[in-house]
Amino acid sequence: MAYKEKLTFGVIVATRNIFNAALAEKARPVILQKIQELGHESVILDTDQTPHAGCIETFEDAQKCAALFKANRNRIDGIVVVLPNFGDEVGVVNSINLAKLDVPVLVQACNDENDKVDVQSRRDAFCGKISVCNNLYQYGIPFTDTTLHTCDLDSEVFTGDLERFAAVCRVVNGLRSARIGLIGLRPAGFQTIRASEKLLQAYGITVVPVDMTLIIDDAEKIDKNSEEVQAKVASIRAYGTVPACVSAEKLAMQAAFGIAVENWIQANQIDATAIQCWDALQKTYGCSACVTMSMLGEKLIPCACEADIAGAVSMYALMLASGKSPALLDWNNNFAGEKNKCVCTHCCNYPKSFMGNEIEISSLDVLGTVLGQVDTFGAIKGKVAAGPFSYFRISTDDILGEIKAYTGEGEITDDAYGMDGGIAVTQIDNLQNLMKFICKNGFEHHVAMCC
């Protein structure tokens, strides 16, 4: 699933017979306008389909709403519940339960005004929201809450809530049908990134494997003098600074490998990949995978190094949530004596937009000392630009039989650090507690980040 810019929300505007239904009727055009302003579409009962302008109250209303939602099953990405007054909890829960769309649900409740709490003006949505959420809990229907317990539909805080809910919908719906490419085997020395395909499949995430030798074979068959290869060479040169010592032959090999990987991804409808980036590729073919992975990431096809499939899923989730190109980094070094700072790095394959600075495309530094500079060409090098970032990591826990995760936010700093590769000096509140959590709960040293 590519990043989906425009979403469609099923909308339930609820009312309750002992409260003024006009409050619900007036709220209907407001929520629809808000959704439209954010670039999305709505599915809602027509105004003549229920006694109160398409608002939901009775079981009969709920049946009509559920039927409409079912008819639009392939369109609806999430359901937005609006409570302009107390709302009928049974009408709301039956609308969702009978539709059985299994999509995210957002519950909003409108503010009362202190000078408008007479019989005709009071909303009591503050209380009604608790009842609606209680019913959703009883039915086992997960839901998303707003930032504030009650808020105005035309407020900035609710606008932010809707935008965050759209991200929730993208992540939930994207992951439940994700196809993660696994190109090659994990490095033998890295048991840390082993993951359970069965646990991932239980949540709808399919791993599609292919032997690296098949990709290399495809790359070798591509005519290095073809227009396709030369166009790819030009795109690599435009992507970053390539040292003059890199031969045209090496660039053509790199380009052909990238084409072979992209062809396989397209043929298999892959959303994100985990690639065996060392050392079979360098020894067998004579280049590194980093620039190919970086350029794919720039196209919103995240690529995790070292065949880390759980890392690829983590990157894909961040991409779905943000619409930006994520990277996979190591929690790698302490930063002098500053306990809330650490250095995150990789060889690297970060997308250019994640770097935020100009990049160099040359040979791997550490692996280059073992495998040779010529056969390790293709690494992205540079310092990640300062600014805020989010981090996220899932892990498949076979012992507990579950997928677990952690997430948070931090800052990438301007601090200098004398290390090669892709460098990000990070500052995170309570970093030491985060490291303890990672170690005690068996998480990997890789983490997905998005700027």
Student: Is there side-chain contact between Asp365 and Thr369, with at least one heavy-atom pair below 4.5 Å?
Tutor: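 Side chain of Asp365 against side chain of Thr369, heavy atoms only: no contact under 4.5 Å found.
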
Student: In plain terms, say whether Asp375 and Lys250 are close enough for a salt bridge, that is, a side-chain N and a carboxylate O under 4.0 Å apart.
Tutor: yes

Student: Compute the ring centroids of Phe165 and His40, then answer whether they are less than 6.0 Å apart.
Tutor: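 Centroid separation for Phe165 and His40: 6.0 Å or greater.
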
Student: Among Ile79, Ile96, Val92, which one satisfies side chain to side chain contact (heavy atoms under 4.5 Å, CB included) with Ile141?
Tutor: Ile96

Student: Got a salt bridge between Asp145 and Lys129, using NZ or NE/NH1/NH2 to carboxylate O under 4.0 Å?
Tutor: yes

Student: A side-chain contact here means heavy atoms from C-beta on lying under 4.5 Å apart; do Pro302 and Thr273 qualify?
Tutor: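 Of all side-chain heavy-atom pairs linking Thr273 with Pro302, none is under 4.5 Å.
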
Student: Going by atom types alone, do Ser294 and Tyr239 pair a side-chain donor with an acceptor below 3.5 Å?
Tutor: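 On atom types as modelled, these side chains qualify, holding a pair under 3.5 Å.
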
Student: For a salt bridge (charged side-chain N to carboxylate O under 4.0 Å, His left out) check, start with the C-alpha distance between Glu113 and Arg123, then their side-chain angles and the critical distance, and finish with the verdict.
Tutor: CA-CA 9 Å; Glu113 298 176 55; Arg123 297 181 182 272; 5.4 Å; no

Student: Measure the shortest side-chain to side-chain distance between Leu199 and Glu402 over non-hydrogen atoms and say whether it is less than 4.5 angstrom.
Tutor: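 No; the side chains remain at least 4.5 Å from each other.
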
Student: Could you check whether Lys34 pairs with Asp154 (Lys NZ or Arg NE/NH1/NH2 to Asp/Glu carboxylate O, under 4.0 Å)?
Tutor: no

Student: Quick one: do Arg176 and Asp102 make a salt bridge, cutoff under 4.0 Å?
Tutor: yes

Student: Quick one: are Tyr285 and Met253 in side-chain contact, heavy atoms under 4.5 Å?
Tutor: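 They are in side-chain contact.
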
Student: In the structure I gave you, are the side-chain heavy atoms of Gln276 and Ile183 within less than 4.5 Å of one another anywhere?
Tutor: no

Student: Salt bridge check, Arg393 against Asp308: does any charged N sit closer than 4.0 Å to a carboxylate O?
Tutor: yes

Student: Measure the acute angle between the ring planes of Phe126 and His149, then classify it against the limits of 30° and 60° as parallel, tilted or perpendicular.
Tutor: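 Because their plane-to-plane angle is over 60°, the rings of Phe126 and His149 count as perpendicular.
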
Student: For Lys299, is there an ion pair with Glu262 - N to carboxylate O distance below 4.0 angstrom?
Tutor: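 Between Lys299 and Glu262 there is a salt bridge, with a charged N closer than 4.0 Å to a carboxylate O.
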
Student: Under a 4.5 Å cut-off applied to non-hydrogen side-chain atoms, are Val13 and Pro84 in contact?
Tutor: yes

Student: Assess the pair Phe437 and Phe443: is the distance between their ring centroids shorter than 6.0 Å?
Tutor: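 Yes, they do, as the ring centres are separated by less than 6.0 Å.
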
Student: Quick one: are Met449 and Leu328 in side-chain contact, heavy atoms under 4.5 Å?
Tutor: no

Student: Salt bridge between Lys381 and Glu358, side-chain N to carboxylate O under 4.0 Å?
Tutor: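 Salt bridge absent between Lys381 and Glu358.
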
Student: Can you find a pair of side-chain heavy atoms, one from Leu364 and one from Phe377, that are under 4.5 Å apart?
Tutor: no

Student: Quick check against the 3.5 Å criterion: does Thr8 have a side-chain atom that pairs as donor or acceptor with the backbone of Asp77?
Tutor: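 Not a single qualifying donor-acceptor pair exists.
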
Student: Check the angle between the aromatic planes of His445 and Phe190 and answer parallel, tilted or perpendicular using the 30° and 60° thresholds.
Tutor: perpendicular

Student: Could you tell me whether Lys404 and Asp397 make a salt bridge, using a distance below 4.0 angstrom between a side-chain N and a carboxylate O?
Tutor: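 Judged by the 4.0 Å cut-off on N to carboxylate O distance, Lys404 and Asp397 do form a salt bridge.
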
